[in-house]
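The structure under discussion appears below in the form of structure tokens.
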Amino acid sequence: MKILVAVKRVIDYNVKIRVKADHSDVDLTNVKMAMNPFCEIAVEEAVRLKEKGVATEVVAVTVGPKAAQEQLRTALALGADRAIHIETDERVESLAVAKLLAKVVEDEQPGMVILGKQAIDTDNNQTGQMLAALTGLPQGTFASEVAADGDKVNVTREIDGGLQTIALTLPAIVTTDLRLNEPRYAKLPDIMKAKKKPLDVKSPADYGVEVASRVSLVKVESPAERKGGVKVASVDELIDKLKNEAKVL
Amino acid sequence: MSILVLADLHEGQLAGATAHVVAATQAIGGDIDVLVAGEGVQAAAEAAAKLDGVSKVRVADNPVYAHQLAEPMGALLVELADGYTHVLASASTTGKNVLPRLAALKDVSQLSDVIAVDSADTFKRPIYAGNAISTVKSDDALKVITVRTTGFDAVGTSGSATVEAVDVVVENSQSSFVKEELAASDRPELGGAKVVISGGRGMGNGENFKLLDGIADKLGAAIGASRAAVDAGFVPNDMQVGQTGKIVAPDLYIAVGISGAIQHLAGMKDSKVIVAINKDDEAPIFQVADYGLVGDLFEILPEFESKL
Ligand SMILES: Cc1cc2nc3c(=O)[nH]c(=O)nc-3n(C[C@H](O)[C@H](O)[C@H](O)COP(=O)(O)OP(=O)(O)OC[C@H]3O[C@@H](n4cnc5c(N)ncnc54)[C@H](O)[C@@H]3O)c2cc1C
Ligand SMILES: Cc1cc2nc3c(=O)[nH]c(=O)nc-3n(C[C@H](O)[C@H](O)[C@H](O)COP(=O)(O)OP(=O)(O)OC[C@H]3O[C@@H](n4cnc5c(N)ncnc54)[C@H](O)[C@@H]3O)c2cc1C
């Protein structure tokens, strides 16, 4: 079966973002960018399914600016076979991303689509579920284990109370949680090879999808800063402060 | 305005989160209905009817909604959404799993993790691990919203809404429930606890988490963990606090052997009082802690427990 993996270019998870002085947005100038960590886990899972002989081809897709091709090259270096770049400079919302991915699903007919559970910039946690709804396919979100078996897949999900396992018919949509796997690092020869792997560039118009935003960003502010407190010298002092100053004990 | 709230269930009972979502709904204003869907959920429906401000509880009690699987739940919401201006759920794993399906099928955007209501179409939500708060305005006719429960105080339980059965039954041949492994604990749930004590990689192993038990017993606290502690297998995933785990805002949060990475802070920095116990006096957690105690947790925890 073919596996489609959606990857998103986001700020590196170590970057502490700043809000622009005019509150119009966050300041992304010269900020280090990377593949969304949950998407790395998605690529890794797809590649492992290929190594196990379950998958025959892994196709990586991204929606984003020209620079997002870096993340597609990373996916190719990690083991994806080819890539599709849907190029746009717009601020594309989850619903529009899902509509574009639904068109790619229609073209490519994958047996499974793997996405991250959330992108660490907007923290939406929506795209996979929206894609499932639009394609009419079942979904296994927040996956910590994916076991494909014939025309079914069992997905173990990280839910608030613990773990839940569900069985889905294939094709299915899966979104990754942190414990699904530990992504590998790309090796230099693979990075070189990735440069020659096929990468198709498309536009949202090629798919007939309108990407204009439905949600307007009114303003972006910094959260209330916490004032750093004091260091206490002993357990006795800590308990005293908690009882008599903070009054939480 | 007319608003539908999807109730959260925990083992068939009404979960605490729903009272917070109803509070967010009151901030929007309008008629409030609550949908309780599942199998054998009459008790949950009765509990929902007591929530202040609710006018009607709609109950979809059918085996197809057992375990609130995404496909039938999404289809049910699509059937029921007509006539409502807003559909809300908590940003629990159920709300996150189900609501985007409704949004997509109604061709509207979803606003995730809303923490404040400015008006009926304008909301605040955190982005970038809570390092920025965006104010967003939705032009969609139907607003689909998940609510971060820590942003809204729970409503009271002196209401008496009418309870009405919903007879919509959808088909589902695509997904089925296999099993669940739920953490059994007598402690309060992380999201609702007044006191939370969390351990990180510094705890060393799962056995050492017992050092937190006695303290949690004395304080009536829930126990949490950092991602590093969960990844290392010290404790189960449902204990993870942070950007990609649970968001908590208790009166007192005690971080033990946790360095204070931005992803962890995103899950706890709205706590009223933060205590950090760490042997590294430069650990970033001290920058957000009201009270920091530098030292070895293996010495501090037993002393703390005995003196409480
Ligand atoms: C400051 C700021 C504020 C914003 N506010 C909002 C807002 O309030 N509401 C809103 O809807 N959008 C907002 N956006 C748009 C935002 O950039 C997202 O691209 C968009 O919402 C997609 O959602 P997500 O990536 O958070 O999705 P998630 O659902 O969190 O992403 C899950 C997974 O979907 C896949 N995926 C997501 N995007 C892509 C992509 N472009 N290409 C390939 N795969 C992808 C990945 O596998 C990813 O791991 C904002 C952007 C900025 C810069
Ligand atoms: C996509 C993504 C999502 C993430 N989501 C989350 C999330 O939701 N929640 C989360 O927590 N993290 C998350 N992380 C991980 C985060 O970046 C950190 O790696 C993690 O929080 C570190 O955990 P820690 O503080 O327990 O470990 P460390 O950073 O290793 O810190 C251990 C601390 O223990 C102290 N210590 C050690 N021994 C002792 C002792 N004997 N006595 C006292 N102190 C001691 C050390 O001084 C140190 O400060 C995420 C990361 C990524 C990339």
Side-chain angles (χ1 to χ4, degrees), chain A residues 11 13 16-17 19 26 93-95 98 118 120-126 129-130 132-134 137-139 141-142 144 154 157-169 178-179 214-223 226 228-232 235-236 238-239 241-242 246 248-249, chain B residues 10 69-71 74 92-93 96-97 100-101 103-105 109-110 112-113 122 127-140 174-183 227 231 236-238 243-244 251-252 262 269 273 275 286-294 300 303-304 307-308:
Chain A
I11 59 159
Y13 79 95
K16 189 168 178 213
I17 206 74
V19 171
V26 295
E93 286 166 12
S94 304
L95 180 62
Q118 83 193 59
I120 60 159
D121 50 0
T122 46
D123 287 336
N124 272 344
N125 200 325
Q126 304 175 355
Q129 297 86 312
M130 287 181 161
L134 294 177
L137 296 175
Q139 72 190 43
T141 53
F142 329 141
S144 67
N154 273 18
R157 312 175 51 231
E158 295 201 359
I159 60 169
D160 289 335
L163 295 172
Q164 178 190 64
T165 305
I166 54 174
L168 307 175
T169 54
L178 294 168
R179 259 68 60 176
R214 313 273 194 85
V215 174
S216 44
L217 194 56
V218 180
K219 64 179 173 200
V220 177
E221 298 158 292
S222 295
R226 271 195 96 91
V230 295
K231 294 246 172 76
V232 292
V235 169
D236 291 315
L238 176 62
I239 292 178
K241 293 271 191 200
L242 291 177
V248 284
L249 288 189
Chain B
H10 184 70
L69 297 182
E71 297 75 16
S92 63
T93 45
K96 286 175 180 164
N97 196 34
R101 293 185 69 99
L105 293 171
S109 298
Q110 172 179 306
S112 297
D113 267 308
T122 308
I127 51 177
Y128 295 95
N131 287 308
I133 307 294
S134 66
T135 303
V136 286
K137 180 170 176 294
S138 162
D139 297 329
D140 286 318
Q174 293 184 310
S175 62
S176 58
F177 174 81
V178 178
K179 64 174 180 191
E180 229 160 42
E181 294 156 56
L182 298 182
R227 173 188 173 185
D231 282 4
N237 65 281
D238 54 274
Q243 180 188 10
T244 59
D251 292 340
L252 174 62
I262 49 178
K269 70 180 159 66
V273 175
V275 169
F286 288 123
Q287 290 164 19
V288 300
D290 299 281
Y291 304 108
L293 182 52
V294 181
I300 292 171
E303 185 186 345
F304 189 54
K307 288 181 170 164
L308 275 174

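Both backbone and side-chain heavy atoms feed into the values below; hydrogens, waters and symmetry mates do not. Chain identifiers are assigned alphabetically (A, B, ...) following the order of the sequence lines, protein sequences preceding nucleic acid strands; residue numbering begins at 1 within each chain.
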> What's the verdict on side-chain contact (heavy atoms from CB on, under 4.5 Å) for B:Thr135 and A:Val220, showing C-alpha distance, side-chain angles and the deciding distance?
Replying inline: CA-CA 6 Å; B:Thr135 303; A:Val220 177; over 6 Å; no
Could you tell me whether a side-chain N or O of [X] sits under 3.5 Å from a main-chain N or O of [Y], the two making a donor and an acceptor?
| X | Y | result |
| --- | --- | --- |
| A:Gln129 | B:Lys96 | yes |
| A:Glu221 | B:Ser134 | no |
| A:Arg226 | B:Lys269 | yes |
| B:Glu303 | A:Asp236 | no |
| A:Asp123 | B:Gln243 | no |
| A:Gln164 | B:Lys179 | no |

> What do the steps show when you test B:Asp140 against A:Arg214 for salt bridge (Lys or Arg N to Asp or Glu O under 4.0 Å), and what is the final call?
Replying inline: CA-CA 7 Å; B:Asp140 286 318; A:Arg214 313 273 194 85; 3.1 Å; yes
May I ask you to name which of [options] has the most heavy-atom pairs under 4.5 Å with chain A?
| options | value |
| --- | --- |
| B:Val275, B:Leu182, B:Asp231, B:Thr244 | B:Thr244 |
| B:Asn237, B:Leu69, B:Asp139 | B:Asn237 |
| B:Asn97, B:Leu105, B:Leu293 | B:Asn97 |
| B:Gly74, B:Ser92, B:Pro236 | B:Ser92 |

On a heavy-atom basis, which atom in [X] and which in [Y] lie closest, and how many Å separate them?
| X | Y | value |
| --- | --- | --- |
| A:Ala167 | B:Val178 | N-CG2, 3.6 Å |
| B:Ile262 | A:Tyr13 | CD1-O, 3.4 Å |
| B:Ser109 | A:Glu93 | OG-OE1, 2.9 Å |
| B:Asn131 | A:Pro223 | O-CD, 3.3 Å |

> chain B: which of A:Asn154, A:Val19, A:Leu137 shares the most heavy-atom pairs with it under 4.5 Å?
Replying inline: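 Top option by heavy-atom pairs under 4.5 Å: A:Leu137.
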>> Does the Lys NZ or Arg CZ of A:Lys231 fall within the cation-pi geometry relative to B:Phe286 - under 6.0 Å from the ring centre and within 45° of the axis?
In response: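 Positive - A:Lys231 is close enough to the ring of B:Phe286 and near enough to its axis.
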> Which bit of A:Val232 comes within less than 4.5 Å of chain B, counting heavy atoms only: side chain, backbone, both or neither?
Replying inline: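 Interface part for A:Val232: both.
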> Which answer fits A:Ile159, side chain, backbone, both or neither, if we ask what part of it has an atom under 4.5 Å from a heavy atom of chain B?
Replying inline: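 Interface part for A:Ile159: both.
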> In terms of heavy-atom contacts, does NZ of B:Lys307 have more than 12 from other residues, nucleotides or ligands at under 6.0 Å?
Replying inline: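 For B:Lys307, atom NZ is crowded (more than 12 foreign heavy atoms under 6.0 Å).
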> Where on B:Glu181 is there a heavy atom nearer than 4.5 Å to chain A: the side chain, the backbone, both, or neither?
Replying inline: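 Contact with chain A involves both backbone and side-chain atoms of B:Glu181.
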>> If I measure from the heavy atoms of chain A, does B:Ala132 come under 4.5 Å with its side chain, its backbone, both, or neither?
In response: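 The answer is both parts of B:Ala132.
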>> According to salt bridge (Lys or Arg N to Asp or Glu O under 4.0 Å), who are the partners of A:Asp160, at least two apart in sequence or on a separate chain?
In response: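 Salt bridge (Lys or Arg N to Asp or Glu O under 4.0 Å) list for A:Asp160, sorted by chain: empty.
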